[in-house]
Protein chains: 2
Amino acid sequence: MSNKQERVERQATIIDIANKLKKDPSTVSRALSGSPRISDRTKEEVARVAAELNYIPNRAAARLRSGRSKVVGVIVPRLNHHFFSEAIYGMEAKLKREGYNLIICQSNENYVEECDAVRSLLSSQVDGIIISLSSQTKNFEHLQYVLDSGVPLVQFDRVTDELNTPRIVNDNFEGGYKAVNHLLSGGYRKIGVLHGGMVTNVYRERLEGVHQALEDAGIKSNKALELEAFTEKDGYNAAKKLLANGNGPDAIFCCSDHTALGVLEYAKEANISVPSELGVLGYANELFTRVTNPSLSTVDQQCDKLGRQAASVLLKRLTFKSMLNVEEPIKSSLIIRDSSVRAI
Amino acid sequence: MSNKQERVERQATIIDIANKLKKDPSTVSRALSGSPRISDRTKEEVARVAAELNYIPNRAAARLRSGRSKVVGVIVPRLNHHFFSEAIYGMEAKLKREGYNLIICQSNENYVEECDAVRSLLSSQVDGIIISLSSQTKNFEHLQYVLDSGVPLVQFDRVTDELNTPRIVNDNFEGGYKAVNHLLSGGYRKIGVLHGGMVTNVYRERLEGVHQALEDAGIKSNKALELEAFTEKDGYNAAKKLLANGNGPDAIFCCSDHTALGVLEYAKEANISVPSELGVLGYANELFTRVTNPSLSTVDQQCDKLGRQAASVLLKRLTFKSMLNVEEPIKSSLIIRDSSVRAI
DNA sequence: TTGTATGCGTTATCAT
DNA sequence: ATGATAACGCATACAA
């Protein structure tokens, strides 16, 4: 237990450095920012004294004067979802190298909290904002306001095209397409779909991919086999509904791994053997999919790459004022495990 | 695609509000902060105009003047670990209600990056810092410096007692104790231990709990049954080493769920039946533990509660300057699933 | 109850 | 190549 006297020392400022060197604060400021108008000798001296005094620049002051804070705000629906924490991981890695910090907020899938987060980030004087929309968000004034204020905004994953911003997204259509295509080529014919509704872009696009895959295979999509299901419990119930009468699908594609988990649970309970009687496919490559029994085939979204790319696009805006909005969707890859491959 | 003209409007300031009301900015400032010296009428007017102008306070300016930024910094080893993202979830929930934002940094289990993060947070003028130490951190000057600068610091989970700060931790000793005790009372006798070394407090304490449980049961702990293993791969290899000669333990307690996963994998491969031939116990209640085959018994750490409590203690320091350092460890609870319970 | 004056630490614009 | 000065937006000590 340290009983060291807690001398609360004031943080050193450029003025302290200037006094010590008998120079002007503005000279020190220029030296620290590497201005070409300062002699190398002075720069070295300033650097030396700065290190001596353990000088740490005051970003609040810099922001106030220059308008740049070197802080980026991030808003996600939930922090404790693998997808988002991994995406943020990617962003942080990318932004840190450029000297930026991240302020992270969660909307809890709630429109009002999302608005609060926006205000809060603007209040903190962030240089830019990266957002993935809450599932409740249908009005975008709060985000248009961000743009109107001149703060660069980048959307990722859950996005709207009602805002003129870059959008970093997965190729969800392709993901849905490839998934169902895989089931079909494995001999499954009657494909059930547990989808996430038509509101959120990612779910809508996956479903469209599913339909396209069916169409391309000459199979008419059957609304009776499509149910909305988000959670594990939803998945369980939906599977029950689809499979209970003995005339159900021979495979189920789920728009989330959690839903797929519910399907696996019901199948086990109902003694429906996976994959021989029922193929199951999830979405997102959650950590647990590798260890379910049977292991769950799923679609990997490269979430950290998504995060890196979102950060990268924002950085371009911050440094070059680039206004390019065109970003290729990030490819998803099918991960084939046991739940979707029948023994031959 | 919105083609709306992007008029970049300056953010409204208290001066704008003051001008509109023909009052002084200081009056507006006081009204907004609810000073008792301002009439209710003025407060209402100010609030109305502030809303009209969509006034958002400038925290950079407030910080510069008052020393308070309403931003808290958090440093964790890795963001994409269930334990930490869940803990941060708890912190954010708690701090948001008091008007605080979170700046989140990761040290990547690296001492130098941890030092960088500290500097970066101080540079961002955070009001306080919550940290969980990187596994490489053995020197604490960077954190002592935080304290010396008068910035409140709270440690959680991975902590050192060389710093005079509050420490919010799990009762890891109890966790290890209860886990092994459970194995013993289930009839397992020869307990293998895959631990995390003696450096990090959490692993050391779990191991101490293990030893105490063995001692209380009159069993002499056997160093030959104790190996260090962090990752899934480590777990696999360690299990192989312990079990290959046929004279291994009849149960293995792992200091992490990932390690336990490796053990399960090896057992399956070696046709060792879990739990009948080998009991397995993990630690942390990772999401996947529920769905392994067999499902994995583990120790739940209430990570979000840990996060809330860390935030709560920091808040006390920030608002009341409270210096109480005494916090009860948070109890862990054993979650008994299939991997540690023999059929009767 | 409200107004006036000042300064937080930095940087941009002058000037020298 | 460097110095002097002002200003960013806000909060506070002091006046009135």
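The shown structure was predicted, so the numbers you read here are calculated from the model rather than taken from an experiment.
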Toward the 5' end of DNA chain C, by each residue's nearest nucleotide, B:Ile38 or A:Ser66: B:Ile38
Indicate, yes or no, whether a donor-acceptor pair under 3.5 Å links the base of C:dT10 to the side chain of B:Arg63. no
Quick one: is B:Ser39 getting a side-chain N or O under 4.0 Å of the C:dT2 phosphate, OP1 or OP2? yes
Donor-acceptor pair under 3.5 Å: do we get one between B:Arg37's side chain and the base of C:dT2? yes
Side chains of A:Asn101 and B:Leu121, heavy atoms from C-beta outward: is any pair under 4.5 Å? yes
So do B:Val154 and B:Arg167 actually touch side chain to side chain, heavy atoms under 4.5 Å? no
Would you call the rings of B:Phe83 and B:Phe156 parallel, tilted or perpendicular, where under 30° means parallel and over 60° means perpendicular? parallel
Look at A:Ser26 and C:dT11 and indicate whether a side-chain polar atom (N or O) is within less than 4.0 Å of OP1 or OP2. no
When you measure only distances, ignoring hydrogens and angles, does the side chain of A:Arg65 come within 3.5 Å of the base of C:dT10 through a donor and an acceptor? no
Can you tell me the distance, in whole Å, between the CG atom of B:Asp24 and the P atom of C:dT1? 17 Å
Considering only heavy atoms of chain B and a distance under 4.0 Å, specify the first and last nucleotide of DNA chain D in 5' to 3' order that meet this criterion. D:dG9 to D:dC14
Please report the distance, rounded to the nearest Å, between CD in A:Gln11 and P in C:dG9. 10 Å
5' precedence on DNA chain D between B:Arg30 and B:Leu64 (nearest-nucleotide basis): B:Leu64
If you look at every heavy atom in B:Arg158 and B:Ser134, which pair is closest and at what distance? NH1-C, 3.8 Å
Rounded to whole Å, the CD1-P distance (B:Ile15 to C:dG3) equals 14 Å
Looking at C:dT11, I'd like to know if its phosphate oxygens (OP1 or OP2) sit under 4.0 Å from a side-chain N or O belonging to A:Ser29. yes
